[in-house]
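Down below is the structure, laid out as structure tokens.
Lettering follows sequence order; numbering is per chain, from 1. Every value quoted in this text rests on a predicted model; they were computed, and no experiment measured them.
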Amino acid sequence: MSMTNADYEKAKRNRTLKLKLWLLFLILPPAAILIVFVFVPMGSAVWYSVFDWDGLVRKEFIGLANFQDILFNPLKNKVLFNAFMNNVKVFVSLMLVQNGIALVIALLLARNPKGYRFYQVVFFLPVILSTVIIGFQWKLFLNPVFGLVNKFLHNIGLHDWALPWLGLPETALNSMLLVNSWHWFGFPTLVFLAAIHRIPKDFIEAARLDGASEWRIAREIIWPLMAPAITIITVLTFIGSFNWFEIPYIMNGLEGSPAGSTDMLGLMFYRTAFGSVSAGGSNFGSGSALAVLMFIFIFVFSIIATKYLTSREVEMN
Amino acid sequence: MRKFTTRALLVAAALSASVSTLAASELNFWSWRQEDIAAYEKIIAAFEATHPDIKITYTAHEAKAYNTILTTALAGGSGPDIIHTRAYGSLEAISGAGYLEALDGQVDLSLLSADELLGTTLRADGRIYAVPFASQTVVVYYNKDIFDANNITVPETFEEFKAASTALKAAGITPLANGTADGWTVEIMSGAIMPNFYGSGFFGEVTSGATDFEDARYVGALEKMSELAEFMPTGFEGVDYATMKALFTSGAAAMFIGGSWEINGFRDAGINFEIMPGPAAEAGGERMVATWLDGGYGVNAASENKEDALEFIRFTATTPFAQMLTDELNNVAAVDGAMSSDATLSRVSSFHSAATPYIMLVAFRFDTPTGSTLLQSGLQELMTGAKTAAEVAADVSNGIKTAE
Amino acid sequence: MQTKRNAGYEAWLVQIFLIATTIVVLYPIIMMAMSGFKTNAEIFGNPFALPKSLNFDNYLVIWNTTDVPRFLLNSTIVTLASVAILLVTGTMAAYAISRYRFRGSIMVSLFFLAGLMLPLRLAIIPLFIQLKFMGLIDNLLGLIFIYIAMSLPSTVFILTGFLRALPSELEDSARVDGASEFRIMVEIMVPLITPAMVIAGIYNAVPIWNDFFFPLIFIQTPEMKTLAQGLTSFFGEYSVNFGVLYAGLTLAALPVVIVFIVQSKRFIAGMTAGAIK
Amino acid sequence: MANVVLRSVNKQFGEVKVIKDVNLTVEDNEFVVFVGPSGCGKSTLLRLIAGLEDLTSGEVHIEEERVDHLAPSKRGVAMVFQSYALYPHFTVRQNMGYALRVAKESKETIAKKVNDAASVLQLTEYLERKPKALSGGQRQRVAIGRAIVRDPKVFLFDAPLSNLDAKLRVQMRIELTKLHRSLNATMIYVTHDQVEAMTMADKIVVLRDGKVEQIGAPLDLYNAPDNLFVAGFIGSPSMNFFDGTVINTSNTDVEIDVKDSVKIKFPLNEPSNLSTGDKVSFGVRPEHFTIGNTNQGTFTGEVYAVERLGGETYLYLYVGDQKEVVAHMSGDQKIAIGDMVEIGFSLKQSYLFGPHGDAVR
């Protein structure tokens with residue numbers, strides 16, 4: 001009955017302790033999974049990158065020599081630069097083509113045309129399909145001899161247009177980019193559409209009453225207010241572009257064939273780390289160094305881009 | 001239904017962790033030869049009949065990814081007991097790292113030629129890490145029915161080859177099935193065409209450093225190679241390996257330049273074909289074929305069943321094994337003494353009197369970038385006309401000089 | 001959303017554009033499915049015609065001679081297990097972050113968010129060595145853990161958003177009612193975010209189902225392969241039998257497509273959740 | 001004796017002090033209302049009593065027992081929330097019985113208590129519905145029912161009527177008062193609406209910035225506010241304040257000059273410490289103005305708005321230098337916008353506050 005002040009304090013501390021244990025119980029399991037399967041391997045990759053490797057065997061510590069080798073060895077940096085520029089091209093093209101088409105379609109769907117639901121479902125359908133399936137399917141379609149694309153072009157009389165799409169340095173990457181756009185455009189479309197729907201109706205109706213043209217409404221009201229969606233799609237496209245691997249790997253193999261025109265940083269990493277039949281043995285050191293460079297580049301750029309783009313967003317509340 | 005139940009059980013078993021405690025010795029055997037699964041299972045059955053306490057499971061991984069899978073597995077301290085290795089540079093990558101058991105002294109290698117053993121020898125210590133299994137030869141396959149139907153005689157020289165191709169093209173038939181979409185198939189093609197132009201001495205000179213790839217002989221050979229572009233399928237730039245095979249087996253193309261391992265597949269496809277070496281540079285000239293050791297069988301140094309694995313490896317160095325390899329796979333076995341009942345395969349062996357090493361694989365796949373990487377990309381540019389022979393030769397030469 | 005429907009020629013132009021896009025999207029998929037019923041000869045001869053008959057031979061080849069059914073089963077196991085554990089652990093973390101004020105709470109949420117930006121495949125080498133050490137190579141459990149780890153950041157991100165939106169009075173009320181923290185979470189709060197959990201589940205299930213990179217390296221025996229990975233080897237084996245290839249692709253796509261068509265609303269909400277929330 | 005005693009209660013969130021040394025006694029069966037503007041800490045104070053927040057320092061006693069170390073459910077309190085906080089996925093029955101189920105009461109007991117409470121609150125026919133299918137008033141009653149079922153020592157209400165429409169609010173106010181009488185329970189009620197406070201409370205606690213400004217019966221606060229804040233907060237419309245300057249003081253009265261125009265001689269009941277030159281505020285409630293000059297004090301202003309409600313009239317005037325003043329008259333008044341009007345007041349019904357806002361009486 002007679003509890004001292006200290007007893008009360010103790011009782012309170014017990015309550016707090018119980019709460020802390022409960023929080024620990026909630027956070028620890030997911031955190032442990034993340035640490036063990038993401039943070040530790042990522043950290044190890046950084047660790048690996050500062051060692052000399054004889055193929056698969058770790059030898060002595062060599063500091064930044066692996067990085068230096070990738071960045072400044074004239075032959076390797078030629079490959080690196082080529083792959084990097086291809087990644088840049090992928091990013092720019094996807095922004096313009098894939099996201100551009102998506103924006104147009106989103107603006108059209110925002111007008112709530114007949115069949116709205118149907119179109120939404122159809123345009124999203126390719127997004128859920130595996131890249132492996134899409135890659136193989138289009139590789140078959142684009143086959144210069146048996147492919148449906150060229151057969152179709154012949155059928156409609158465009159014989160000169162029937163090209164070995166994936167075999168020409170000028171068309172291979174572009175074909176893959178179109179395939180990628182076909183695969184993914186539904187995603188930005190729906191993100192943009194959701195963003196447009198979030199714009200209060202009053203804004204648009206007020207502008208209509210003021211006599212603004214549809215084009216002006218799109219440009220001066222919808223576009224600026226969509227900024228958050230543009231930010232997220234830009235950053236996602238950026239991360240996707242610089243991690244691009246599946247489509248080029250499946251459609252034209254590890255070497256970025258033909259003649260390096262579809263080489264990507266992802267393919268280069270894979271070849272460097274694991275080797276390939278033609279490209280030779282594996283080098284975990286260089287591979288890890290390349291991985292670290294890519295990681296830093298992607299991470300830093302995503303953050304800068306997010307910061308920059310977010311600063312342009314208009315508050316809408 | 002029963003099938004499904006079994007599968008479900010298997011999955012359950014697999015989920016509950018790896019199973020390795022059942023038999024005294026269960027060996028894993030990895031390969032990239034997916035086409036050969038049935039044949040290897042027969043061969044393994046024969047081995048198991050005489051070694052009832054050993055069980056071997058053959059797993060064929062996707063060829064493109066085999067290196068990655070094997071490399072990561074070995075680096076992670078696991079991997080199969082028996083490893084189907086490729087030769088030369090690929091072998092060095094894993095044997096140099098100490099993942100393979102040295103075989104000399106443990107396995108009787110007397111039935112193998114020094115040339116072939118070279119492909120599985122680590123240059124650094126001179127020891128042998130795999131039993132060579134088969135040599136491959138680049139040949140020209142031609143469809144006899146098409147040749148007959150168009151009154152085409154089998155060409156001997158390069159000019160005749162071009163003339164025959166021109167005639168076929170005029171008849172609406174694609175002369176050559178080869179494309180350039182898969183870089184390695186162009187390299188193979190160059191293995192049939194180029195040696196007869198750069199000549200038998202070039203390999204020795206270029207490997208010893210007496211000359212380099214900007215040598216006029218090599219540039220000339222590249223030019224000849226480029227002259228064949230017009231006989232390749234429309235859109236050959238996009239024709240990959242699968243399409244090449246489809247073109248040839250469907251009779252849409254008359255000729256196919258490829259490795260001797262295709263014999264089986266083409267035979268199964270039921271076409272009436274024959275083989276010849278690459279055309280001579282001029283009448284009466286030498287007709288060389290490029291050959292190389294395809295790979296070998298090695299033992300994982302970290303295997304827990306090393307002795308049993310070695311027992312299988314010993315088996316692969318015997319004539320009965322070579323005979324089975326010959327019969328089942330139509331491969332030119334590395335081990336001596338196997339007799340082929342297949343006439344075509346016998347012909348391949350007969351070409352070996354004028355053989356030259358498949359240059360990039362045998363000599364320039366030890367450093368990065370490899371000669372193959374450089375040449376494949378160069379050939380793609382050459383065939384599409386993006387670069388001249390001299391430019392390609394310079395690229396290859398410079399690349400190899402700076403490789404490390 | 002029900003604004004006035006546009007009338008007149010403008011509406012027609014919009015429809016024409018949308019229908020054209022629909023054709024571009026659907027036609028290749030239909031061609032893929034149709035070609036699965038054709039023989040090689042039909043594919044070469046009449047690529048655009050309807051198949052002569054509903055010929056299931058190609059499918060029978062797949063069902064009887066390949067491991068594709070097995071791959072389907074493995075993919076299902078991996079996807080379901082990953083998503084189930086993912087939702088449990090993801091909810092736990094999100095709940096702690098969103099429903100409690102505690103020191104370091106911002107650090108914890110940043111810790112989970114950082115995972116969003118880490119491309120795990122670049123750490124494949126150390127990851128392999130680690131999985132090997134843990135005995136998880138060639139084991140579906142290894143894949144499951146990797147997928148959980150890979151998907152946790154986005155799941156925590158999505159669920160945190162939804163959990164934050166729940167009124168704290170509910171939880172206070174339950175506290176006054178005497179419910180333990182565990183009971184409040186499981187009985188009161190979590191049931192209220194089940195729609196969000198479905199969304200987060202779908203958002204991650206699709207890439208897990210479709211992934212082929214990790215199985216490529218971590219799964220070695222054919223019996224353990226997943227569908228996307230299995231397809232790559234299947235392609236090597238049947239490289240010139242186009243009918244079978246198309247049938248294989250169709251078969252592989254079918255489960256997801258069916259679930260998508262039935263649950264399209266949730267799929268769309270789910271797949272775009274990360275971007276919109 | 002279900003009384004509630006707070007002793008030197010302090011609460012701090014990080015660096016921010018939200019409750020500053022609150023001392024308070026709520027008697028058994030008393031209906032106490034915490035009132036104050038938003039952010040004054042009244043809800044926090046309630047949550048401290050409930051145990052939903054931990055004290056930074058001080059003590060809370062309920063029924064003579066110290067409880068501030070106990071979990072909410074161990075304190076014998078029940079709480080009704082502003083948003084009702086009904087569990088959306090439970091039926092009304094499950095909602096009302098949840099606390100009992102958590103306490104592992106038998107099924108029969110739960111059913112009986114829920115049914116009893118439901119019949120008192122006329123909820124019987126809605127027991128199997130989900131909250132979504134109820135009207136706002138019904139939800140409110142379920143929330144109250146949920147509290148009743150637990151048979152608590154103290155009921156805590158956190159602005160429970162603010163989500164209802166005006167008419168329902170008046171009705172629920174009366175029902176709550178009735179409930180209080182019939183349950184004979186101690187109730188603490190938080191609101192920002194001084195009308196609710198005035199109509200329902202036995203005792204009002206006025207809070208500002210985490211501090212108690214004044215405690216007292218509703219009419220005491222109305223008639224004798226301790227300070228400018230309470231004076232302004234209690235009463236509707238708010239009291240009119242006029243800035244003034246002390247020009248003369250004595251033991252019995254203070255003479256002030258309101259904006260150089262009106263001079264007022266404010267009588268004192270107790271000595272003040274005002275001195276000449278002090279800035280003061282002079283207050284008159286709108287309802288204490290009359291039309292026409294009184295002998296005790298008069299302002300003249302121009303009418304800029306009139307609200308006629310039939311039984312009463314609100315006049316809005318500019319007095320002096322655009323000072324806005326509200327006057328409340330009964331009946332209709334024949335006054336038009338733009339008229340100059342004299343409004344008078346009685347010194348007995350006016351207030352004076354010193355430089356620091358303390359009442360001068």
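Within the 4.5 angstrom heavy-atom criterion, only side-chain atoms of C:F102, from C-beta onward, approach chain A. In this structure, chain A has heavy atoms under 4.5 Å from both the backbone and the side chain of C:Q15. Heavy-atom distances place the side chain of A:L19, and not its backbone, under 4.5 Å from chain C. Only the side chain of C:L152 has a heavy atom closer than 4.5 Å to any heavy atom of chain A. Heavy atoms of C:V24 lying under 4.5 Å from chain A belong to its backbone as well as its side chain. In this structure, the portions of C:I19 lying under 4.5 Å from any heavy atom of chain A include both its backbone and its side chain. Looking at C:L254, neither its backbone nor its side chain comes within 4.5 Å of chain A, counting heavy atoms on both sides. Neither the backbone nor the side chain of A:L28 comes within contact range of chain C, judged by heavy atoms closer than 4.5 Å. Residue C:Y100 touches chain A through its side chain alone, counting heavy-atom pairs closer than 4.5 Å. Interface residue A:W138: only side-chain heavy atoms are found under 4.5 Å from chain C. Of the two parts of A:F141, the backbone and the side chain both hold a non-hydrogen atom closer than 4.5 Å to a non-hydrogen atom of chain C. With a 4.5 angstrom heavy-atom cutoff, A:V104 touches chain C only via side-chain atoms. Proximity to chain C is limited to the side chain of A:F269, based on heavy atoms less than 4.5 angstrom apart. Contacts between A:F242 and chain C at a heavy-atom distance below 4.5 Å are absent for every atom of the residue. Contact of C:I129 with chain A is made through the side chain alone, with heavy-atom distances under 4.5 Å.
The shortest heavy-atom contact between A:L34 and C:A149 is CD1-O, 3.2 Å. Of all non-hydrogen atoms in C:P126 and A:P41, the two that sit nearest each other are CG-O, 3.3 Å.
Comparing C:M150, C:M92, C:K265 by heavy-atom pairs within less than 4.5 Å of chain A, the highest count is held by C:M92. When each of A:L290, A:V292, A:V132, A:V149 is checked for heavy-atom pairs under 4.5 Å with chain C, A:V132 comes out on top. Ranked by heavy-atom pairs under 4.5 Å with chain C, the list A:V121, A:L148, A:L108 is led by A:L148. Per-residue heavy-atom pair counts under 4.5 Å with chain A were compared for C:G90, C:P28, C:A252, and the maximum is reached by C:P28. Comparing A:L125, A:I105, A:L26 by heavy-atom pairs within less than 4.5 Å of chain C, the highest count is held by A:L26. Per-residue heavy-atom pair counts under 4.5 Å with chain A were compared for C:F128, C:W209, C:F145, C:F17, and the maximum is reached by C:F145. With chain A as the partner, the residue from C:I124, C:L26, C:D211, C:L249 showing the most heavy-atom pairs under 4.5 Å is C:L249.
Looking at heavy atoms from C-beta onward, A:P113 lies in side-chain contact with C:L18 at the 4.5 angstrom threshold.
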Which is it for C:T21 and A:Y119 under the side-chain contact (heavy atoms from CB on, under 4.5 Å) test, yes or no, and what are the steps along the way? CA-CA 9 Å; C:T21 313; A:Y119 290 128; over 6 Å; no

Evaluate A:T131 against C:F212 for side-chain contact (heavy atoms from CB on, under 4.5 Å), listing each step before the verdict. CA-CA 9 Å; A:T131 313; C:F212 89 107; over 6 Å; no

Stepwise side-chain contact (heavy atoms from CB on, under 4.5 Å) test for C:L136 and A:F37: CA-CA 12 Å; C:L136 293 177; A:F37 293 96; 4.2 Å; yes

Determine, stepwise, if the pair A:L23 / C:E181 fulfils side-chain contact (heavy atoms from CB on, under 4.5 Å). CA-CA 10 Å; A:L23 284 176; C:E181 296 300 310; over 6 Å; no

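Annotation: the span from C:Y246 atom OH to A:L140 atom CG amounts to 4.5 Å, rounded to 0.5 Å. With rounding to the nearest 0.5 Å, the separation of CZ in A:F123 from OG1 in C:T22 is 4.0 Å. Of the inter-residue distances, the one linking C:I85 atom CD1 with A:I33 atom CD1 reads 7.0 Å to the nearest 0.5 angstrom. Distance check, rounded to the nearest 0.5 Å: CZ of A:R117 to OG of C:S264 gives 4.5 Å. Distance check, rounded to the nearest 0.5 Å: CD of A:Q137 to OG1 of C:T250 gives 8.0 Å. How far CG of C:L216 is from OH of A:Y270: 4.5 Å, rounded to the nearest 0.5 Å.
The aromatic rings of A:W22 and C:Y95 lie perpendicular to each other, with more than 60° between the two planes, well past the 30° mark.
Atom CZ of A:F39 sits in a crowded spot, with more than 12 heavy atoms from other residues, nucleotides or ligands closer than 6.0 Å. Other residues, nucleotides and ligands place no more than 12 heavy atoms under 6.0 Å from the CZ atom of C:F133.
With A:S130 as reference, C:N210 is the one residue of C:N210, C:V206, C:L227, C:V256 to meet the side chain to side chain contact (heavy atoms under 4.5 Å, CB included) rule.
Residues that satisfy the side chain to side chain contact (heavy atoms under 4.5 Å, CB included) test with A:N143, not counting sequence neighbours, are A:V145, A:F146, B:D240, B:T243.
Between A:F25 and C:F182, the distance separating the two ring centers is not shorter than 6.0 angstrom.
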